[in-house]
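All values reported here derive from a predicted model rather than from experimental measurement. The figures that follow rest on heavy atoms only: side chains count, while hydrogens, waters and symmetry mates do not. Order of listing sets the numbers, starting from 1, for every ligand and every atom in it.
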Amino acid sequence: MRESTVFDCLNIDLKQIKTLRGGITSVEKTNDFLFDFKRVYYLYDIPGGEDRGGHAHKDLQQVIVAVSGSFDLIVDDGKAKKTFTLNSPSKAVQMPSGLWRKLVNFSSGSVCLVLCSDIYDEKDYLRNYQDFLSFKLINQ
Ligand code: TYD
């Protein structure tokens with residue numbers, strides 16, 4: 001989506017069920033979610049100091065959760081940037097397509113869960129920042 005901005009990202013509180021035996025959070029397709037998810041992937045065993053992401057998607061929408069530990073999600077629409085700190089399995093950020101994103105400051109042992117609106121397709125990626133700015137029709 002060419003017109004999306006960082007202000008289109010949504011903070012979502014996921015329902016948390018706490019029991020004496022531990023917590024449960026389930027993510028269901030409800031009105032809170034604007035898209036049907038077709039893929040789930042997760043990032044783990046991230047070496048200290050390593051960053052992830054560093055790309056944008058033309059069409060893919062995503063919901064990002066720190067199911068364990070914490071990290072910062074930096075979104076960038078070519079004009080403005082916004083940082084979301086994810087540090088709870090019951091908090092998520094929903095991202096529209098067309099935003100450059102970077103995941104940084106992973107705590108040791110953290111796990112990043114990503115719900116996606118579609119299956120993996122390398123053609124949907126913008127992996128070069130200049131290509132991303134061109135996609136957003138931003139003069140460089
Ligand atoms: P990449 O998108 O570069 O990782 P990140 O942006 O999270 O740092 O993906 C790393 C590799 O994994 C790359 O070769 C593409 C592949 N991959 C899949 O095959 N399927 C997937 O669902 C994802 C997210 C990545």
Q) Looking at atom 24 (C) of ligand 1, is any protein heavy atom nearer than 4.0 Å to it? A)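 Yes; the ligand atom in question has protein heavy-atom contact below 4.0 Å.
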(Q) Below 4.0 angstrom, counting only protein heavy atoms, does anything approach atom 12 (O) of ligand 1? (A) no
Just let me know how [X] lines up against ligand 1, side chain, backbone, both or neither, with a heavy-atom cut-off below 4.0 Å.
{"X": "L103", "value": "neither"}
{"X": "R39", "value": "side chain"}
{"X": "R127", "value": "side chain"}

Value rounded to 0.5 Å, distance of [atom1] in [X] from [atom2] in [Y]:
{"X": "L113", "Y": "T25", "atom1": "CG", "atom2": "OG1", "result": "11.0 Å"}
{"X": "H57", "Y": "R101", "atom1": "NE2", "atom2": "CZ", "result": "4.5 Å"}
{"X": "H55", "Y": "D124", "atom1": "NE2", "atom2": "CG", "result": "9.0 Å"}

Q | Check: K58 side chain, K123 main-chain N or O, donor-acceptor pair, under 3.5 Å | A |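 Side chain of K58 to backbone of K123: a pair is present.
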Can you pull out the closest protein heavy atom to [atom]? Residue, atom name and distance to 0.1 Å, please.
{"atom": "atom 8 (O) of ligand 1", "value": "R52 NE, 2.8 Å"}
{"atom": "atom 6 (O) of ligand 1", "value": "H55 CE1, 2.8 Å"}
{"atom": "atom 17 (N) of ligand 1", "value": "Y120 CE1, 3.7 Å"}

**Q.** Heteroatom proximity flag, L43 to ligand 1, N/O under 3.5 Å
**A.** no
Q) Is the Y42 ring parallel, tilted or perpendicular to the Y44 ring (thresholds 30°, 60°)? A) tilted
Q. Is it true that E28 and K15 have a side-chain N and a carboxylate O under 4.0 angstrom from each other?
A. no
(Q) Under 4.0 Å from a heavy atom of Y125: which atoms of ligand 1 are those, numbered in the order shown and with their elements? (A) 2 (O), 24 (C)
Q. So, do F132 and Y129 have ring centers that fall under 6.0 Å from each other?
A. yes
